[in-house]
Structures are given as structure tokens and as C-alpha cells.
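No experiment lies behind these values; they were computed from the predicted model shown.
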Amino acid sequence: MTLDTFYIILQQTLIISTLVIGMMMVIEFINVRTGGLWSKKLQRKPWLQILFSIVMGIIPGCLGTYTVVSLYVHRVVNFPALVAALITTTGDEAFFMFSLFPEKALLINLILIVLAITIATLLQFTIKNKFVGLQNKEISFPIHEHESCSHSHHHHHSVKSNIKNISFVRALLITLSVGVLILVLSGVIDGSHHLNLLMGGQTEESVIHSFESQQDYESTSQQDCCHSHNHSHSHTSESHIHSHDHGGEADWIRIILIVLFVAILIIVIIAEEHFLEEHLWEHVIKVHLPKIFLWTFGVILCLTIINNFVNIHDIIDSKPFIVLLVAILIGLIPQSGPHLIFLILFAKGDLPLGIFLANCIVQDGHGALPLLAESRKAFFVSKGIKIVIAILVGVLI
């Protein structure tokens, strides 16, 4: 494994961790500002939880699933709702499905929604423990009565006071938020190269090759620009087109990161000191960030090493049941890239709908990585349920 590959793995880990922690911080702020009212309404209405989770799950990409996982960890939505989201999500593959076969993509999503409603309903009536793998008896969102009502009376005064008498925690959070924005806006987190791997658009080798080729081209073009302007312009256009292949999804991730951390920057500036220290720093960052980062990094690193020794394309056999089992096994991988094999085969007409659906049911892209970090039991139980459903669907359809 090269240094470039390690750098890409680190980038993926940082992007996933940043998205998840960013969502947690925003959710924490909304929950405190509303006195937990919105989360209490969700808690009292399990059917609304299921509907909400399905809507979050069908949103292309992993952000909706990250949100549901975060709410589950905080015991706002229950396990049936979590499973509903994990069934309906197809992660980053949704972008490709709606690009390559939009009509079939709609049908597939409709089937997944029906399955999610059916399974979530069965779980709602059959399982006693509605928070599988969560040890705490209390809600993880700490709410204090004075927090939800004190902001509106002294808003302008508190902002001036926050800036004038800035604390270490506030200064650190502002620095981190601005730092993330600078990394995204400056292209250090680069959607045209490194984010494509996160979105499943390229392999590690192709991303590295593209990155190195771009650097080589830029160096060559600078030397030759005075001698062949027209030729250089033509190559620049081709390079620009190539660098943005599969880049639409990466651009969306960049936009989401920018919007998310602009919101977080505003929150850090206007929030009270107690909220910053007790909620964001002590609860979200110190408790959740290390686990999410280390688990995400470890999983992606292991998968990268395995991919260097195993050619997934060679595993697929011509026998339908073996292909089904392979599709389900690869679906267990908490990453987007490997599932593109089945998507491409289905797009070409070489893979039956039942087998492709089985892979869609079991896989959840990067969405369940934070769940693996927070509750291994919930992760594996949900995967086990989805395996059973996937086998039935693959055999029957």
C-alpha cells in the first residue's frame, strides 16, 4: 500500500467522521433549542419514526442514514425505524442508479420502501427491546430547562459577550469549523479526485493514477504553454472533463460540508458556554468522535488491504445461487465502491433483478459505519435481519 493510498484512506475517514459529527452537532443544537420537543414527538410516535427513517434512507447518499443512526444512538428513533432506514438506503449507488436506469431505479426504491415498511412493522410488534445494543436507559440528549428558553431574551447581548469574552472551547470550535471550510473551499478535500473514491466512482488505483496524471500534465503544460497554446487548451479541456467524471456526487458532498459547517460556525458563535462545553465538547466530540474516527479508519484500511489480494470480479460465478450469496456477502461490506460491480452488471442486463435487490437490501454504503462504531450489536443484528430478507427476495424474484 502506497503513501498516496494511505492519504486517500485518511481523507475518506476524515470526510465521513466530519459529516457524522457535524450532523450530531446540528441535531444536538436543535434538540436543546426546542427543549427536546421535536425528539419527544418522534419518541412518542413509533410509526412516525419509521416513516421519517424511510424518507431519510431513500435520500441518495449516506447523509440521511447518518442522521437516522445518530438519532438511534440518542434513542430518539427505535430499532425498527433504524432497520427501515438501512433497508431503504442504497448509499451512493443511488446516484448511479438514477443516472443509468432511472425508471428501474424508481421501481427498486419502491420495492425497498414496501419491504422496509413490512419488516419495520413486524419488528415493532414482535421485539421487546426497541433499542438493540444500546446500554443506557436514558436518552443521550442531555436537556437542561434553562437552555431552551434563555437564548431568545439575550440573543444580541450573548453574541457580543461570546466574542468579547471568548473561551478556549469556543475559540477551538471556531478554529476547527473555519479549518474544515478552508480545507473544502481550497480543494485540499478535492471532489474531482479523492472524493470520487468515497463516492464509489473510482478505485484506489484509478484515483491515484488520475491524481498523478493531473500533476504530471500540469507540470508539462506549464513548460509547453508558450509553444503550443491551442494544443494545450485542447488537452486542458479533456483533462477537465476527465477529472469531473463521476464528480457530481462528490460536488454534493462538498456543498453539504460547506452548508453544514457554516451552520456549525454560526451555532458556535451564538450558543451559550454551557451548551458548547457540556453538549458539543464533552458529549459529541469527546465521546463520539474518537470511536467514529477509529472504527471508520480501521474498516476502510482493512478493506483496502483485502482488495489488494482479492479480485471481486473473479469471485462471481455463473451459477445464480452462488452469485446471490456473493452479492449478499459483498453487501455486508460497509462501503460503497464494491457494490458498483452488481449495479453495472444489472445495468448491462447480465444480472437478475432479484440478485441486485438482494445486494441493495443488505448493503447500506457508508451509512452504517457510525453504527458499527457506536453499537456493534445493533450493526450485526440489523445485518442479520437484512440477510434473511435478501435471501428470500433473491430466491423468490
Side-chain angles (χ1 to χ4, degrees), residues 16 19-20 23-24 26-27 38-39 42 45-98 102 104-124 130-133 198-200 249 252-253 256 328 331-336 339 342-343 356-372 374-375 378-390 393:
I16 292 173
L19 278 170
V20 175
M23 280 303 305
M24 284 186 169
V26 172
I27 290 172
W38 71 280
S39 60
L42 268 181
K45 298 179 179 179
W47 303 113
L48 183 60
Q49 295 174 28
I50 292 171
L51 178 62
F52 171 82
S53 298
I54 288 173
V55 171
M56 289 289 102
I58 62 175
I59 296 173
C62 297
L63 191 64
T65 314
Y66 290 157
T67 303
V68 175
V69 170
S70 176
L71 293 175
Y72 178 71
V73 170
H74 290 89
R75 304 174 75 89
V76 174
V77 301
N78 61 21
F79 186 72
L82 173 69
V83 173
L86 295 178
I87 290 174
T88 51
T89 185
T90 51
D92 304 320
E93 273 72 13
F95 292 109
F96 292 88
M97 283 198 291
F98 282 105
K104 290 181 179 178
L106 287 173
L107 174 63
I108 289 167
N109 276 271
L110 182 60
I111 294 172
L112 292 175
I113 289 171
V114 172
L115 285 171
I117 293 172
T118 303
I119 300 305
T121 302
L122 288 173
L123 291 174
Q124 190 66 39
K130 295 296 193 295
F131 296 97
V132 175
L198 173 64
M199 302 307 296
E249 300 84 12
W252 274 110
I253 290 293
I256 290 169
I328 291 172
L332 295 174
I333 299 173
Q335 193 178 17
S336 289
H339 313 294
F342 300 99
L343 189 148
F356 182 61
L357 272 172
N359 178 258
C360 289
I361 291 166
V362 178
Q363 72 108 336
D364 30 52
H366 296 87
L369 268 178
L371 183 64
L372 181 62
E374 297 287 352
S375 173
F379 176 87
F380 288 112
V381 171
S382 62
K383 284 288 189 182
I385 292 170
K386 295 203 294 178
I387 287 173
V388 174
I389 302 166
V393 169

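Looking at heavy atoms from C-beta onward, Asp364 lies in side-chain contact with Lys383 at the 4.5 angstrom threshold. With a 4.5 Å cut-off on side-chain heavy atoms, Lys104 and Phe356 do not count as touching. By the 4.5 Å heavy-atom criterion applied to side chains, Leu371 and Leu82 are counted as neighbours. Proximity of Leu110 to Leu106: side-chain heavy atoms (C-beta onward) are nowhere separated by under 4.5 Å. Looking only at side-chain heavy atoms (C-beta outward), Val76 and Phe52 stay at 4.5 Å or farther from each other. Using a 4.5 Å heavy-atom threshold, the side chains of Val69 and Glu374 count as separate. In this structure the side chain of Leu123 never reaches within 4.5 angstrom of the side chain of Asn78, judged on heavy atoms. Between Leu369 and Phe379 there is no side-chain heavy-atom pair separated by less than 4.5 Å.
The CG atom of Leu42 sits 10.0 Å away from atom CG of Leu51, with the distance rounded to the nearest 0.5 Å. Leu343 contributes atom CG, which lies 7.5 Å from atom SG of Cys360 (distance to the nearest 0.5 angstrom).
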Quiz item: Yes or no on side chain to side chain contact (heavy atoms under 4.5 Å, CB included) for Phe380 and Val132, after CA distance, side-chain angles and deciding distance?
Solution: CA-CA 10 Å; Phe380 288 112; Val132 175; over 6 Å; no
Practice problem: Could you go through the side chain to side chain contact (heavy atoms under 4.5 Å, CB included) check for Ile333 and Gln363 one step at a time? | Solution: CA-CA 7 Å; Ile333 299 173; Gln363 72 108 336; over 6 Å; no
Quiz prompt | Chi angles and distances behind the side chain to side chain contact (heavy atoms under 4.5 Å, CB included) call for Gln124, Trp47 | solution = CA-CA 9 Å; Gln124 190 66 39; Trp47 303 113; 3.8 Å; yes
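Partners of Ile111 by side chain to side chain contact (heavy atoms under 4.5 Å, CB included), not counting sequence neighbours, listed by chain and number: Leu107, Leu115, Leu357. Evaluation of the side chain to side chain contact (heavy atoms under 4.5 Å, CB included) rule for Ala85 yields Ser53, Val68 as partners, not counting sequence neighbours. Considering only residues two or more places apart in sequence or on other chains, Lys45 meets the side chain to side chain contact (heavy atoms under 4.5 Å, CB included) condition with Leu48.
The shortest heavy-atom contact between Ala378 and Tyr72 is CB-CE2, 4.0 Å. Closest approach of Ile328 to Ala358, counting heavy atoms only: CG1-CB, 4.2 Å. Scanning both residues, Val77 and Phe131, for their nearest heavy atoms gives O-CE2, 3.3 Å. Closest approach of Thr88 and Asn109 over heavy atoms only: O-OD1, 4.4 Å. Residues Thr121 and Ile117 approach most closely at OG1-O, 2.6 Å, considering heavy atoms. Of all heavy-atom pairs between Leu86 and Lys386, the closest is O-NZ, 3.1 Å.
Within a 6.0 Å sphere centred on NZ of Lys130, other residues, nucleotides and ligands contribute more than 12 heavy atoms.
When each of Ile385, Ile361, Val114, Ile50 is checked for a side-chain contact (heavy atoms from CB on, under 4.5 Å) with Ile119, only Ile385 meets the rule.
Between the side chain of Ser375 and the backbone N or O of Gly133, at least one donor-acceptor pair lies under 3.5 Å.
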